Amino acid sequence: GGVGSVAVALLARAGWHVIASTGRDGEADYLKGLGAAEILDRAELSKPGKPLGKERWAAGIDAVGSTTLANVLAQTRSDGAVAACGLAQGMDLPTSVAPFILRGVSLLGINSVTTPQTKRRAAWARLARELDLDKLASMTRRVSLEEVGRLGPEILAGRIRGRTVVEVG
Ligand SMILES: NC(=O)c1ccc[n+]([C@@H]2O[C@H](COP(=O)([O-])OP(=O)(O)OC[C@H]3O[C@@H](n4cnc5c(N)ncnc54)[C@H](OP(=O)(O)O)[C@@H]3O)[C@@H](O)[C@H]2O)c1
């Protein structure tokens, strides 16, 4: 999706080894083009897992919530951090305190809706510096306002990729 595509591009540009999760066959080339080093089948993360698993990543950006976020937390290395920004799988979070008290993992909430201007400007300035414009273009599709109605079912069915910008001018 849009959040995941931007996250992959930003983290890869910052030099991280990025593991991207997707439920779609055939998206490996797209995600590797954005900078992913490894692709994970999202089914591996969406089933209920153990309170703590093998430590697999230093940090996570989660747009999915529910058991996926619980598994991301359970497999985060000691003192790592996970940003929770979405609920594509669900609003629930069936986790335990184990990752927090046994590994010092932090869960960070993200809210871009009521963020004050000063914080927004700092974030936009970083995006302007750190997001590769060619990669941004490769993940973006532009549509007119008239096309939005038709696009809704496509989004819900998981048939669109990356970001969709609606031209209202
Ligand atoms: N907190 C904030 O400030 C903030 C800001 C923006 C967006 N959001 C939220 O972040 C989430 C992602 O936004 P987006 O614009 O990137 O949406 P999007 O373009 O619709 O992408 C969502 C992606 O999640 C994956 N997905 C869908 N259903 C899933 C499921 N059941 N289990 C696991 N993965 C699933 C799909 O990836 P694959 O098809 O590749 O598997 C899909 O492309 C949304 O919940 C949105 O409301 C929050």
Side-chain angles (χ1 to χ4, degrees), residues 1-13 18-49 53 56-57 59-76 81-95 106-128 130-132 135-145 147-168:
V3 171
S5 296
V6 171
V8 169
L10 283 173
L11 291 169
R13 170 111 178 225
V18 180
I19 306 172
S21 160
T22 182
R24 300 187 209 187
D25 288 336
E27 285 302 67
D29 286 347
Y30 165 71
L31 291 166
K32 285 184 176 167
L34 294 179
E38 286 179 55
I39 313 296
L40 202 65
D41 184 339
R42 82 176 190 211
E44 218 190 291
L45 292 173
S46 58
K47 301 184 284 256
R56 292 174 80 183
W57 32 75
I61 313 282
D62 179 76
V64 173
S66 194
T67 42
T68 298
L69 176 54
N71 287 321
V72 169
L73 287 164
Q75 295 176 58
T76 300
V82 176
C85 43
L87 70 166
Q89 185 182 359
M91 210 189 241
D92 60 324
L93 178 54
T95 187
S106 298
L107 178 58
L108 309 168
I110 302 296
N111 163 28
S112 65
V113 179
T114 55
T115 306
Q117 276 291 326
T118 45
K119 221 171 166 183
R120 278 173 196 272
R121 286 184 185 282
W124 289 332
R126 281 197 67 177
L127 285 173
E130 296 170 27
L131 187 57
D132 182 320
K135 294 212 164 77
L136 182 64
S138 79
M139 68 178 82
T140 304
R141 168 181 170 195
R142 293 181 177 273
V143 299
S144 66
L145 196 53
E147 291 174 83
V148 170
R150 195 164 44 75
L151 205 62
E154 272 190 65
I155 294 173
L156 292 176
R159 283 200 303 267
I160 63 149
R161 170 201 271 176
R163 305 168 66 232
T164 304
V165 173
V166 180
E167 313 238 25
V168 292

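In listed order, ligands and their atoms are each counted from 1. No experiment lies behind these values; they were computed from the predicted model shown.
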For ligand 1, does V64 get within less than 4.0 Å through its side chain, its backbone, both, or neither, judged by non-hydrogen atoms? side chain
In this structure, atom 13 (O) of ligand 1 is nearest to the protein heavy atom V3 CG2, 3.6 Å
Ignoring angles and geometry beyond distance, decide whether L87 reaches within less than 3.5 Å of ligand 1 through its nitrogen or oxygen atoms. yes
Just need the protein heavy atom nearest to atom 21 (O) of ligand 1, so name the residue and atom and give the distance. G1 CA, 3.2 Å
When rounded to the nearest 0.5 Å, the distance separating CD1 of I110 from CG of D62 is 11.0 Å
Just by distance, do the side chain of Q89 and the backbone of T68 share a donor-acceptor pair under 3.5 Å? yes
Within 4.0 Å of some non-hydrogen atom of A88, the atoms of ligand 1 are 24 (O), 26 (N), 27 (C), 28 (N), 29 (C), 31 (N), 35 (C), 45 (O)
For I110, counting its heavy atoms only, list the atoms of ligand 1 lying under 4.0 Å from any of them. 1 (N), 2 (C), 3 (O)
Does Q89 approach ligand 1 within less than 4.0 angstrom via side chain, backbone, both or neither, non-hydrogen atoms only? both
Please verify whether a non-hydrogen atom of E27 lies at under 4.0 Å from ligand 1. no
Can you check atom 46 (C) of ligand 1: any protein non-hydrogen atom closer than 4.0 Å? no
Would you verify that at least one protein heavy atom lies under 4.0 Å from atom 10 (O) of ligand 1, or report that none does? yes
Provide, to 0.1 Å, the distance between atom 19 (O) of ligand 1 and the closest protein heavy atom, together with that atom's residue and name. G2 N, 3.1 Å
Quick one: does T68 get an N or O within less than 3.5 Å of an N or O on ligand 1? no
Below 4.0 angstrom from a heavy atom of N111, which ligand 1 atoms are there? Numbered from 1 as shown, please. 3 (O)
Option set R159, R42, M91, criterion heavy-atom distance to atom 36 (C) of ligand 1, minimum: R42
Does G158 have a heavy atom less than 4.0 Å from any atom of ligand 1? no
Tell me, which protein residue and heavy-atom name are nearest atom 40 (O) of ligand 1, and how many Å apart are they? T22 OG1, 2.6 Å
